[in-house]
S.K.: 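Got a structure for you, questions after.
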Number of protein chains: 2
Amino acid sequence: MDPAKPSQVLLRSLTDEHVLRALMRHRRLTRAELSTETGVSKPTAGESVRRLTEAGLVVDTGERTPGGRGKGRVGSYYSLAPQVGTALAVSIAPEGVVAECVDAYGDLVARAQADVGRPARPDDVAAALVEAVENIEALVKAGGMIEGRPRLAVVSAADPVDRHTGRLLQLPDAPFLLGEIDPVAVLGGHVDGPVHVDNDVNWAAEAERAANPLDDFAYVFLDEGLGCAIVSDGEVRRGHHGLSGEVAHLITVGPQGQAMPLIEVFGVLGLRRAGSTAIDVDRLRDQRPPAVVTAVGGLIAAVTTLIDPELIVIGGRWGTELVDEIAAESAQHPRPVRVRQAAVENEPSLTGARADALQRLRELIIRTEA
Amino acid sequence: MDPAKPSQVLLRSLTDEHVLRALMRHRRLTRAELSTETGVSKPTAGESVRRLTEAGLVVDTGERTPGGRGKGRVGSYYSLAPQVGTALAVSIAPEGVVAECVDAYGDLVARAQADVGRPARPDDVAAALVEAVENIEALVKAGGMIEGRPRLAVVSAADPVDRHTGRLLQLPDAPFLLGEIDPVAVLGGHVDGPVHVDNDVNWAAEAERAANPLDDFAYVFLDEGLGCAIVSDGEVRRGHHGLSGEVAHLITVGPQGQAMPLIEVFGVLGLRRAGSTAIDVDRLRDQRPPAVVTAVGGLIAAVTTLIDPELIVIGGRWGTELVDEIAAESAQHPRPVRVRQAAVENEPSLTGARADALQRLRELIIRTEA
DNA sequence: CCTTCTAGGCAAGGGCCCTGACTAGAATGG
DNA sequence: CCATTCTAGTCAGGGCCCTTGCCTAGAAGG
């Protein structure tokens, strides 16, 4: 049975859902505004507000409609209650951890960061994660508005993530920047609900998707690590293990035209940092070797043939610098594809994770009511 | 507004939808059986049957419950009316055209085929398409049960298909077996509704998905043409233009280890048919060159890194013969993936198209009521 | 022929939403 | 300062949908 069983409670919960969504969009509304906004009649809207207030999801803000809007009786504004809770968005990168707490409006409640020395060691990273989240907790407590822990967390990590466990995974010969961390376990005690972990490039692609109405594109991330996120039919596709877009072993064109896994191209060009699995970004930016552009062109050709994106979005420190060369290379291919730089420049992964955290929080609020 | 506006008509249409779906599953049911099957009360079920009978979607079959099932009063069986219509599933391949007409139960109403001489010329293929569909029409008319044209058509074509127009497309240097055909235009006069066209490999993957509960896999089709269908999160992903999986230009490992587009491997090995863009399957089966297996291994590696499937399914005449070699090759890779032969062996593309036609027809029936 | 058992129908009731009218209450303007 | 005007919110009535519980129809079994 796919569609819900018909019943009156279904109808009622649908009305409540409409009211809640309207309040999420507009922050505060009178009963009359809710009626026109949701399309239900005034008495129905009023009744829903009564129910939701009773349930503790909605509160009378005490504010009254300003006289400035005309004559007429003043109305009472209603908004979501603070008890609907908050969500945590966390970004874990070799540079450090950033954590944000957002409420159901998407407003930033608190933000904390914790840096990690280079090179990052797994223990340091995990410690920074705890530090950032505890700082968030302290800030929220100090604010005094909200009590209780976040209802969920969404985590971005700069490494491959196992879709089923949320653990970070090392793939053979591939860059592994953070080490074996289990964000679900680390955050377990700090969050009153599910912890969702995914790769930072997937989240950056999500942010890009939210900023642009594109249903099919690929986000190629070229920095210390190599990554590629696939957005197909309007959603990020993670693959069975969550490892889609982990392209280190993709076969591409090597410096002498030989077939070679992408990551090895950086090896033979001497562009991997000694004692580390990461790519040496600074040296690469100095040299700008054409062989790298050709190798990335092979990646783009593979994406084009397998995924057929409308667009390739390039991110990452050296990727954005070489975007013109990469675009020119792609234009030579038998099936050229448009290439451009990422539009979201400021904390793209955290932006995507935050948007997802907000969406999940809202869904949670509506489902707990229904 | 994502969720439907709450109202009583919504409730009623939901009830009707449940009743229709139950009849689609069970072919014929009494009002009492409908009540227990859908979970709604007896009066509600009875009322819904009355409405749907009035609307011409449901009929009293005249059959009565057999006494054999116990004592008690006999009930009247209801089933979908013939007027709910039929759907067309068509497979277009170089060997010829097969068309089937199915009703809302998925029962075969009529089947016709029209062969095409080798080598196939576009005009011959288009003529065979018309012939097959006209034969179907004659058969349906002769049957006398159903009047009117099919309400939709789902077409499988053994070439790249433009997602927006449904036209067959020639890609540079890639095998092009059928030629520039526009199935939507050809079928326009024979179908009372939308015509959906897609690549045969995508439909074969759809059939494989229906037969297996796999959410993420790739279907690699190795025959005269090369194809690859991507199933991600439980659905076939077609890409922006509908050209996902058109892998002729994917860069892979050539016979001497050089980087080379997949289709060129067959060129340098002398495995493309003279005067044609197709692969010479017979010669390939004789020679079974290891270089081909290596090249296919590169394709699988690309799919694994970009899509992360749970499984690679191999189809096509020479693909299924070489499946063990391909599996062994894949096992050598840094990220091995399970490889097996396709489970659906009999007319896989038509099977997938038929399943989709059935699903779309059912959706159409329910939507027209609502 | 009577009992038993199931299909189907009928009546009453509760709940949800809607319309239309009414009340509350503040700003405007003479 | 008071009547007017205009809007927020409530109330009453009604329609519709679904449910429960009971009743009738009607065939099989003893």
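Just so it is clear: chains get the letters A, B, ... in the order the sequence lines come, proteins before strands, and each one is counted from 1.
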S.K.: Does a side-chain N or O from B/Ser76 land closer than 4.0 Å to OP1 or OP2 of C/dA7, or not?
M.R.: no
S.K.: Between B/Arg73 and D/dA25, is there a contact of a side-chain N or O with OP1 or OP2 at under 4.0 Å?
M.R.: no
S.K.: How is B/Val40 classified with respect to the nucleic acid when contacts are heavy atoms under 4.0 Å: base, sugar-phosphate, or nothing?
M.R.: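 Sugar-phosphate contact only - B/Val40 comes under 4.0 Å of backbone atoms but never of a base.
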S.K.: Give a yes/no answer on whether the side chain of B/Thr30 brings an N or O atom under 4.0 Å of OP1 or OP2 in C/dG8.
M.R.: yes
S.K.: For the base of D/dC16, is there a side-chain donor-acceptor partner from B/Gln8 under 3.5 Å away?
M.R.: yes
S.K.: Under 3.5 Å, sequence neighbours excluded: what are the donor-acceptor pairs made by side chains of residues 355-363 of chain B?
M.R.:
{"residue": "B/Asp356", "atom": "OD2", "partner": "B/Arg360", "partner atom": "NE", "Å": "2.7"}
{"residue": "B/Arg360", "atom": "NH1", "partner": "B/His196", "partner atom": "ND1", "Å": "3.4"}
{"residue": "B/Arg360", "atom": "NH1", "partner": "B/His196", "partner atom": "NE2", "Å": "3.3"}
{"residue": "B/Arg362", "atom": "NE", "partner": "B/Ala104", "partner atom": "O", "Å": "2.9"}
{"residue": "B/Arg362", "atom": "NH2", "partner": "B/Met24", "partner atom": "O", "Å": "3.4"}
{"residue": "B/Arg362", "atom": "NH2", "partner": "B/Ala104", "partner atom": "O", "Å": "3.1"}
{"residue": "B/Glu363", "atom": "OE2", "partner": "B/Arg367", "partner atom": "NH2", "Å": "3.1"}

S.K.: Which one, C/dG9, C/dC16, D/dT20, comes nearest to the side chain of B/Ser41?
M.R.: D/dT20
S.K.: In terms of side-chain heavy atoms, does B/Asp103 have a donor or acceptor partner in B/Thr86 at a distance below 3.5 Å?
M.R.: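 No, no side-chain donor-acceptor contact under 3.5 Å.
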S.K.: Expressed in angstrom and rounded to an integer, what is the separation of A/Leu11 atom CG from D/dC17 atom C1'?
M.R.: 9 Å
S.K.: Hey, are the side chains of B/Ser48 and B/Leu52 touching, using non-hydrogen atoms and a 4.5 Å cut-off?
M.R.: yes
S.K.: Against B/His18, only a single residue in B/Ile366, B/Thr38, B/Val40 fulfils side chain to side chain contact (heavy atoms under 4.5 Å, CB included); can you say which?
M.R.: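 Among B/Ile366, B/Thr38, B/Val40, the one that satisfies the side chain to side chain contact (heavy atoms under 4.5 Å, CB included) with B/His18 is B/Thr38.
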S.K.: Would you call B/Asp215-A/Arg238 a salt bridge at under 4.0 Å N-O?
M.R.: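 Salt bridge between B/Asp215 and A/Arg238, a charged N being under 4.0 Å from a carboxylate O: no.
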S.K.: Is there a donor-acceptor pair closer than 3.5 Å between any side-chain N or O of A/Arg151 and the backbone N or O of A/Val84?
M.R.: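 Flag set: sc A/Arg151 to bb A/Val84 pair under 3.5 Å.
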S.K.: Of A/Lys42 and A/Leu14, whose closest DNA chain C nucleotide lies nearer the 5' terminus?
M.R.: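 Upstream on the strand: A/Leu14.
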S.K.: Look at A/Ser7 and D/dC17 and indicate whether a side-chain polar atom (N or O) is within less than 4.0 Å of OP1 or OP2.
M.R.: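 Looking at the OP1 and OP2 atoms of D/dC17, neither is under 4.0 Å from any side-chain N or O of A/Ser7.
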S.K.: Any side-chain heavy-atom pair from B/Asp60 and B/Thr53 closer than 4.5 angstrom?
M.R.: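 They are not in contact (no side-chain heavy atoms under 4.5 Å apart), so the answer is no.
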S.K.: Between residues 43-56 of chain B and DNA chain D, which residues have a heavy-atom gap below 4.0 Å?
M.R.: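 Residues of residues 43-56 of chain B under 4.0 Å from DNA chain D: B/Pro43, B/Thr44.
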S.K.: Send over the distance from A/Leu10 CG to C/dC17 C1', rounded to a whole Å.
M.R.: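 Atom CG in A/Leu10 sits about 14 Å away from atom C1' in C/dC17.
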S.K.: Could you tell me whether the phosphate oxygens of D/dT10, OP1 or OP2, come under 4.0 Å of any side-chain nitrogen or oxygen in A/Arg31?
M.R.: yes
S.K.: Could you tell me the separation between the CZ atom of B/Arg12 and the C1' atom of C/dC18, rounded to a whole number of Å?
M.R.: 15 Å
S.K.: Starting from P on C/dA7, measure out to CD on B/Glu37 and report it in whole angstrom.
M.R.: 14 Å
S.K.: B/Arg64 CZ to C/dG8 C1': how many Å, rounded?
M.R.: 12 Å
